[in-house]
Amino acid sequence: MAKSFRVAIVTPEKTAFETTAVSVVIPGVAGYLGVWADHAPLVTAMVPGVVTVREQDRGAHAAAKLMAVSGGFVEIARNEVTILSDTCEAADQIDVDRAKKALERAQERLRTPEPGIDVERARLAAERAEARLRVAYLRDGSR
Amino acid sequence: MAGSGIKAINKRIRSVRATQQITKAMKMVAAARLRRAQARLLAGRPYAQRLAGLLGNLAAGGLGGHPLLEARPARRRLYVVVTSDKGLCGAYNLNIIKLAQARLDQSRRDGLEIAVYAVGKKARDYFAKRGYAIFEAHADFGGEANADRANLVANRCMRAFEDGQFDEVHLVYARFVSTLTQRPTARPLLPVTPPPGGPDGGRAPGANAAAASPSVAGAPATAQADYIWEPDRAALLQVLMPLYARNSVYIALCESFASEHGARMASMSAATDNAAELIDALTLRRNRERQAGITQELSEIVGGANAL
């Protein structure tokens, strides 16, 4: 059996998700980052994206858990992965319509950048909405 | 004559009983909201501790420049005062306001320009009435903390700080010690003072169960590990700073609102008990008066019979 480690996704309001995992994939600033047990201690900033967690005790072929996160930090130390994010949503907590609308709005703003709008903010909003939609769709489609 | 006295007492008892029902209901509402607020406060601690741990760790390696860290000579100081919107919660608001006013007046004596950021109607009304400059006020939080509200307040403060509108921002709120104890607390928010980076008591690995345990203290065991920082310390600090400031405000709101509901529950509980005591006393008086009436009537009848 593969070695496992603890994973927790913590938001300001609560510990959103906690489990024992075999592997986890994190949207780091420098690209997606795969973590297995006994990873070197690491702190990285995280961008909005999808966290993929392969849980222990679920068989090698069980579907991984997907979670949309909105950016923050990841800390890896002593086989404990702590993901600090403003939000964390699993597929069943995501409002697809709202995410779609948010994505359209953000893309519209990016296409026609008027003075006075924050391009960086719009880009982040688009990334967050995309992450949500990816999580929502991947749940429906069989992986 | 005795009859009308009894009638008046009955009316009093009914009125006190009605009041008692209201205070009892308020007590129960406050208890329910206290439970929620307390759960929220506890659930928010793991994040706050991790964040503080990370910041301490980063700070231990020397801090780069960040606008939110910049300590300037203080000339203008902003106080964020967190109170409730509604009264009937004992001395809760008064205690916070007293502390805030002491600090404000001290700052003014020290020759600083001061302003109040009022969270809660009580703070706004109090300081507006006494001619303090109100920088901003919210009276619609209704005793519920959430991340959006905290971000609203924090972002406003950070912008004002970075624009140089204020050189320091302080928080005044009630720390939640227990249901019956709230401690008015004032602490600096900006510029950010990083928590100490060393291991302090240290949590054991696997202490992610912090969410479930109410008594976890200190920073998480992030300290002293030899981390790889990605992309690098300075860039991480850029992201971490605003998060830390927002979280500080969030936790302060959680603490203060939990305190508010605790104070309200205690004071409504006392009011209910007082009403019960009053009802007992009034009932005793009514019975006594009724007995006196009967005795008098009897003696009148006896007297009348004897006269025949």
Side-chain angles (χ1 to χ4, degrees), chain A residues 4-21 24 26-35 37-48 53 69-89 118 120-121 124-125 127-128, chain B residues 39-55 57-58 61 145-148 150-151 154 203-213 220-240 242-244 246-251 253-254:
Chain A
S4 64
F5 55 97
R6 300 291 301 165
V7 179
I9 305 182
V10 186
T11 70
E13 302 192 336
K14 60 178 193 283
T15 303
F17 183 71
E18 216 178 345
T19 190
T20 305
V24 53
I26 296 157
V29 272
Y32 274 84
L33 169 79
V35 179
D38 296 330
H39 196 285
L42 168 80
V43 174
T44 178
M46 187 174 71
V47 294
V53 182
V69 294
S70 62
F73 283 90
V74 183
E75 186 195 349
I76 303 166
R78 289 184 292 272
N79 273 332
E80 261 191 60
V81 176
T82 310
I83 300 172
L84 298 177
S85 169
D86 276 345
T87 64
C88 164
E89 291 149 314
D118 193 335
E120 180 63 17
R121 228 178 103 186
L124 283 174
E127 278 176 10
R128 280 199 300 271
Chain B
R40 183 176 272 280
L41 180 58
L42 291 181
R45 274 186 187 156
Y47 183 91
Q49 283 163 356
R50 294 275 170 176
L51 213 55
L54 268 179
L55 185 59
N57 231 309
L58 270 172
N146 65 33
D148 288 342
N151 291 349
R203 300 188 323 168
N208 278 334
S213 129
T222 55
Q224 303 311 317
D226 214 351
Y227 284 105
I228 304 166
W229 304 93
E230 216 176 86
D232 56 57
R233 282 168 179 268
L236 282 171
L237 205 60
Q238 285 292 328
V239 193
L240 192 63
L243 287 184
Y244 184 73
R246 283 193 202 113
N247 191 246
S248 301
V249 174
Y250 175 71
I251 294 294
L253 288 186
C254 285

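This structure is a prediction, so every number in the text was calculated from the model and none was measured. Numbers restart at 1 for each chain; the letters A, B, ... are given by sequence-line order, proteins then strands. Excluded from the calculations below are hydrogen atoms, water molecules and symmetry mates; all remaining heavy atoms, backbone and side chain alike, are included.
For a residue to count as touching a neighbouring chain, one of its non-hydrogen atoms must lie under 4.5 Å from one of that chain's; by this rule S85(A) touches chain B with the backbone only. Heavy-atom distances place both the backbone and the side chain of N146(B) under 4.5 Å from chain A. Looking at L236(B), both its backbone and its side chain come within 4.5 Å of chain A, counting heavy atoms on both sides. Using a 4.5 Å cut-off between heavy atoms, T11(A) touches chain B through its backbone atoms (N, CA, C, O) alone.
Between L84(A) atom CG and R50(B) atom CZ the span is 7.5 Å, to the nearest 0.5 Å. Separation of atoms CG (L41(B)) and CD (E13(A)) is listed at 12.5 Å; rounding is to 0.5 Å. Atom CG of N151(B) sits about 6.5 Å away from atom CG of D86(A), to the nearest 0.5 Å.
The heavy-atom pair separating V29(A) from P231(B) by the smallest distance is CG2-CD, 3.5 Å. Of all the heavy atoms in Y227(B) and I76(A), the pair that sits closest is CE2-O, 3.6 Å.
For T44(A), there are no side chain to side chain donor-acceptor pair (under 3.5 Å) partners two or more places apart in sequence or in a different chain. Taking the side chain to side chain donor-acceptor pair (under 3.5 Å) definition, one finds that Y47(B) meets it with nothing, sequence neighbours left out.
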